[in-house]
There are 2 protein chains.
Amino acid sequence: MSSYERTCLIRGDGGRAIRGILDRIGDKWTLLVVATLDGERMRFTELQQRIPGISQRMLTRTVRQLERDGLVERQVFAEVPPRVEYALTDTGRTLIKPAVALAEWAIEQNPAIERSQDDYDARQG
Amino acid sequence: MSSYERTCLIRGDGGRAIRGILDRIGDKWTLLVVATLDGERMRFTELQQRIPGISQRMLTRTVRQLERDGLVERQVFAEVPPRVEYALTDTGRTLIKPAVALAEWAIEQNPAIERSQDDYDARQG
DNA sequence: CGGGATCCTGTTGGATACTG
DNA sequence: CAGTATCCAACAGGATCCCG
């Protein structure tokens, strides 16, 4: 299968597949939460501490959507004070590989991209 | 390298790598434009016709940012009426592979995700 | 401890009209 | 044809306060 044929996976159905996944992981925190949970079950507060800058509200929302999508499992313990643990599901773990591929791309290409931006900005205003 | 070690690529530097790439391609149209340009040099209007729903304004903005990032090359012909052609650069082409991997993930996992969402919504309100 | 409710801001992106 | 300029609605996301 050629690269050109494979991009039909992206364009297919008017781009609804790509749109769906970007709605899911294209936001500010989702991939970071998934990556942080990789290989480790974790409590809410610990998760928050490991993701610098995330607000309580956004962590709650992010983790809730991940739970709804079935990528993260949420386990509540009937204790006082409450204890809630999060972990990736099997489905959630399958996201790691393509996400890492994307991060690798970002790290590899970043120098070239920044150079291009500087050139562009120098040519324009 | 284990999956766990690889997720450091995502979390590394407080997630700045992933944040950078998502700022770049996490928007509504960028990946669709890149996928549409895969293997084909194209004029502005044709590009717009092949991406259903995109407005003139958003196509302009998207393609401009891609040009600034060095992922797309923009060639203006000194003619009347004007003719402008767009094509992926070598750097731009390198994005195809991880993007397709992500689309494949989306298509594979979508049934499971939708089932999970239905279950979740049924349990809640 | 792990949230929910509320308020407020900046940004994204659509619609429309105009132009070299 | 390939934009630019302007206006506007929707939403993402931060700050803050409250609660079982």
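These numbers come from a predicted model, not from an experiment. Below, chain A is the first sequence line, B the second, and so on; all start at residue 1.
Ion pair A/Asp90/A/Arg93 flagged as a salt bridge, since at least one NZ, NE, NH1 or NH2 atom sits closer than 4.0 Å to an Asp/Glu carboxylate oxygen. B/Arg6 has no carboxylate O lying under 4.0 Å from a charged side-chain N of A/Asp38, or vice versa, which leaves the two without a salt bridge. At a threshold of 4.0 Å, the pair B/Glu85-B/Arg41 counts as salt-bridged, since one of the basic side-chain nitrogens sits closer than that to a carboxylate oxygen. Using a 4.0 Å cut-off between a side-chain N of Lys or Arg and a carboxylate O of Asp or Glu, A/Glu104 and B/Lys97 do not qualify as a salt bridge.
With 3.5 Å as the limit, one finds no donor-acceptor pair spanning the side chains of B/Ser116 and B/Asp119.
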In B/S/- notation (B base, S sugar-phosphate only, - none; protein heavy atoms under 4.0 Å), nucleotides 9-19 of chain D written 5' to 3' is ----BBB----

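The distance from atom CD of A/Glu79 to atom P of C/dG2 is 10 Å, rounded to the nearest whole Å. Residue A/Glu67 contributes atom CD, which lies 13 Å from atom C1' of C/dG3 at whole-angstrom precision. Distance B/Glu46 CD to D/dC1 C1': 13 Å, rounded to the nearest Å. The separation between B/Glu85 atom CD and D/dG3 atom C1' is 16 Å, rounded to whole Å. Look at CZ on A/Arg74: it is 16 Å from P on C/dC1, rounded to the nearest Å. Protein atom CZ of B/Arg24 is 14 Å distant from nucleotide atom P of C/dT12, rounded to whole Å. Taking atom CZ of residue A/Arg64 and atom C1' of nucleotide C/dG3, one finds them 7 Å apart after rounding to whole Å. Regarding B/Leu59, its CG atom lies at a distance of 14 Å from the C1' atom of D/dT4, rounded to whole Å.
Among the protein residues, B/Tyr86 comes within range of the sugar-phosphate backbone only, with heavy atoms under 4.0 Å from sugar or phosphate atoms but none that close to a base.
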Might you work through the side chain to side chain contact (heavy atoms under 4.5 Å, CB included) test for A/Asn110 and B/Arg24, ending with a clear yes or no?
CA-CA 11 Å; A/Asn110 213 30; B/Arg24 197 162 286 125; 3.9 Å; yes

